[in-house]
Amino acid sequence: MRMSTFFSRTLREAPNGADCKGYEYLLRAGFIRQMGAGIFSLLPLGFRSAKKIEAVIRQEMDGIGGQEILMPLVNPADIWKETGRYYSIDKEMSRFQDRVGRDMVLAMTHEEAVTDVARGEIDSYKRLPQLVYQIQTKWRDDPRPRAGLIRVREFTMKDSYSFDRDLEGLEKQYKAHYAAYFRIFSRCGLPVIAVGSDSGMMGGKVAHEYMYLSPIGEDTIITCPECGYTANRQVATFRKTYASADQLPIEKVATPEAKTIDELCDFLKISPTQTAKALFMVGTFVNSETGEEHEQLIVGLVRGDMDIEENKLQNAAKANGLRPAHVDEIRAAGMEPGFGSPIGAKEGVIVIVDDSVAKSNNLVAGANEDGYHLRNTNYGRDYQGIVADIASAAEGYLCPVCGKPLVSSKGVEVGNIFQLGTRYSESMGCFYQDEDGVRKPVIMGSYGIGVGRLLACLAEEYNDGNGLKLPITVAPYQVHLVSLVKDADVGERIYGELQAAGIEVLYDDRKESAGVKFADADLMGMPIRMTIGNRSLKEGKVEIKLRGNLDETLSLDLDGLAQEVKDLIAKLQGQIAAGIVNKELA
RNA sequence: CGGGGCGUUGCCUAGUGGCUAUGGCGCCUGCUUUGGGAGCAGGAUAUCGCAGGUUCGAGUCCUGUCGCCCCGACCA
């Protein structure tokens with residue numbers, strides 16, 4: 001490609017709103033342009049990178065037996081009503097009616113669609129297992145897109161779906177994905193870790209997320225440097241210690257103005273571990289048969305030295321959604337904000353008690369009366385509720401596996417794998433007849449990778465003060481040919497030679513100053529920059545700089561140039577290949 | 001959905017009620033220049049997001065509205 005006729009241009013300054021480096025450079029280098037909140041175009045450079053990422057994904061998916069398909073972005077609402085997600089998912093899914101008034105949705109994922117397709121094809125155990133995948137556009141009306149391509153509303157996703165006879169088969173496909181994903185990310189050059197995760201709206205059991213660790217991430221990852229335990233904070237567990245003692249009689253104590261745990265502890269001269277903290281949320285519960293929803297007040301109780309992980313609370317309460325409760329809602333249920341506890345709460349309030357509270361004794365808790373707390377409250381004796389782990393893991397807490405201190409980091413989720421089970425096959429009637437003649441629901445798995453988000457993470461990982469420096473496997477072009485000589489013939493000849501050798505070349509044939517050309521080359525960041533200049537031309541050579549190391553200059557003879565460059569490309573590709581992560585799920 | 005910020009030419013930006021709305025980059029023309037965003041000369045591009053209001057006079061003040069960004073809520 002010639003720069004003189006190139007569609008996109010580079011920007012000298014970062015447009016407003018480019019808050020992180022990767023995003024800024026993707027904009028400035030002309031990879032992407034924004035059209036609306038969370039809506040982007042991929043320009044030639046960005047699209048080429050995306051296609052390379054997709055090619056890697058296709059190879060690895062084909063490698064584990066995947067068959068590529070393409071399902072529609074527009075789905076009839078009927079199939080989403082079958083699984084109930086038409087009702088349980090809120091405004092994040094966009095809906096409309098077609099000309100005859102039929103309900104339609106823009107697919108935000110394709111479990112329904114693929115199950116609909118599969119139930120038409122699969123009827124016997126002889127037709128299992130299966131694995132299909134697609135690379136498709138998704139629309140999710142996220143309330144808050146941010147950070148360029150990291151979190152958008154319209155995006156391209158590779159999603160694959162496995163169909164099996166039994167759990168062993170699912171396990172096998174799940175493991176295949178687990179390993180394939182590590183290969184995909186490492187072939188693109190992105191360092192990731194796999195963490196145990198919540199299954200969220202997918203509604204499955206086992207799930208992993210692939211996380212690119214970075215301060216720009218919005219997920220919190222809990223890891224143990226000692227034994228390798230990793231989990232999303234939403235589900236991370238930790239080792240708790242309990243102070244059990246003989247139960248003492250409950251005792252009301254005046255604690256004026258002591259609304260927070262800190263104030264309470266100061267006032268009573270006690271430690272937060274001797275208190276129970278209440279969090280009031282309102283949960284939404286949806287009947288998946290009828291779509292009817294109702295709200296119910298939930299009070300979560302955790303020991304004062306910990307925080308409640310809302311995701312765990314939501315799961316423990318089996319709610320579809322949570323929101324903070326209003327003050328009047330809390331009072332209506334017989335409790336007092338700031339001095340709250342489940343003691344004396346009215347019927348119909350869901351009480352979830354963290355085991356840290358359930359297994360400790362004689363905790364100070366709210367008296368549900370302004371200005372008063374209760375000493376020596378005890379779960380079981382003074383109040384009832386569901387006991388669950390709803391405490392949020394934090395830095396320094398003890399690893400649930402080995403007991404060493406945990407570390408907290410930020411991460412971006414670039415992929416995930418879910419064991420769905422029969423949630424979709426059962427509700428949509430995707431059954432097969434087994435050898436024993438019995439009709440059984442197909443066992444499914446669902447696996448996703450965000451292509452654009454992966455590109456955004458790569459841009460974040462691979463940049464310096466001058467611009468992008470994407471790995472050769474995902475860079476738009478392999479070679480950036482910069483001609484600084486007046487005579488166009490040499491450049492044209494080399495450009496032709498490299499192209500004839502199958503090398504992907506971006507050729508800067510513009511009438512621009514050397515500085516402009518170099519700055520643009522740095523910004524766009526092709527892995528190999530070849531400079532044609534009078535200096536070296538006299539000696540029959542061209543100069544080479546690798547984007548990964550601008551300090552070092554190599555030179556190559558004009559004779560046999562194409563082969564030399566091919567060798568160099570192979571060397572860079574070899575470095576990536578040497579870093580391919582082969583990791584099996586334990 | 002709550003809190004905050006910002007909308008001036010392709011991009012960045014000045015503007016604190018007063019004349020014909022700054023400047024830089026980019027763009028066009030010509031000349032010069034050609035190893036790190038070059039120089040000179042000339043030129044084009046703005047219904048100051050939109051609508052209404054206050055005023056003799058509004059980019060500037062008020063109201064509404066739309067869009068974008070950030071924090072939170074929310075979310076594979």
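Numbered from 1 within each chain, the chains take letters A, B, ... in sequence-line order. Heavy-atom basis, side chains included; hydrogens, waters and symmetry copies ignored.
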Report yes if a side-chain nitrogen or oxygen of A:Q234 is closer than 4.0 Å to either non-bridging phosphate oxygen (OP1 or OP2) of B:C75; otherwise report no. no
Taking only the side-chain nitrogens and oxygens of A:R12, find out if one of them lies under 4.0 Å from OP1 or OP2 of B:G37. no
Interatomic distance, [X] [atom1] vs [N] [atom2] [rounded to whole Å]:
X: A:D520; N: B:C25; atom1: CG; atom2: P; answer: 16 Å
X: A:R510; N: B:G36; atom1: CZ; atom2: P; answer: 16 Å
X: A:R146; N: B:C68; atom1: CZ; atom2: P; answer: 16 Å
X: A:K538; N: B:G35; atom1: NZ; atom2: P; answer: 11 Å
X: A:L149; N: B:C69; atom1: CG; atom2: C1'; answer: 16 Å
X: A:M35; N: B:C69; atom1: CE; atom2: P; answer: 14 Å
X: A:K541; N: B:G35; atom1: NZ; atom2: P; answer: 21 Å
X: A:L43; N: B:G10; atom1: CG; atom2: P; answer: 17 Å

My understanding is that a pair needs two contacts under 3.5 Å, Watson-Crick or G-U wobble. By that rule, which nucleotide pairs with [N]?
N: B:C68; result: B:G5
N: B:C74; result: none
N: B:G52; result: B:C62

Closest-nucleotide 5' rank along RNA chain B - winner of A:Q314 and A:R153: A:R153
Position toward the 5' end of RNA chain B (nearest nucleotide), A:S513 or A:I449: A:S513
Show the atom names and distances, to 0.1 Å, of all donor-acceptor pairs under 3.5 Å that link a side chain in residues 539-546 of chain A to residues at least two apart or in another chain.
residue, atom, partner, partner atom, Å
A:K541, NZ, A:D557, OD1, 2.9
A:K545, NZ, A:L550, O, 2.6
A:K545, NZ, A:T553, OG1, 3.0

Is the base of [N] touched by the side chain of [X] through a donor-acceptor pair closer than 3.5 angstrom?
X: A:R529; N: B:G36; value: yes
X: A:E543; N: B:G35; value: yes
X: A:D522; N: B:G36; value: yes
X: A:E13; N: B:G37; value: no

With rounding to the closest Å, how many angstrom separate the P atoms on B:G26 and B:G39? 9 Å
Exam field: side chain A:N75 to backbone A:A77, donor-acceptor pair closer than 3.5 Å: no
Please answer whether the main-chain N or O of A:I417 pairs with a side-chain N or O of A:Y178 as donor and acceptor at a distance below 3.5 Å. no
Across the strands shown, which category fits A:Y210 at heavy-atom distances under 4.0 angstrom: base, sugar-phosphate, nothing? nothing
Do the side chains of A:K410 and A:D219 get close enough for a salt bridge, i.e. N-O under 4.0 angstrom? no
Does CZ belonging to A:F96 count more than 12 external heavy atoms closer than 6.0 Å? yes
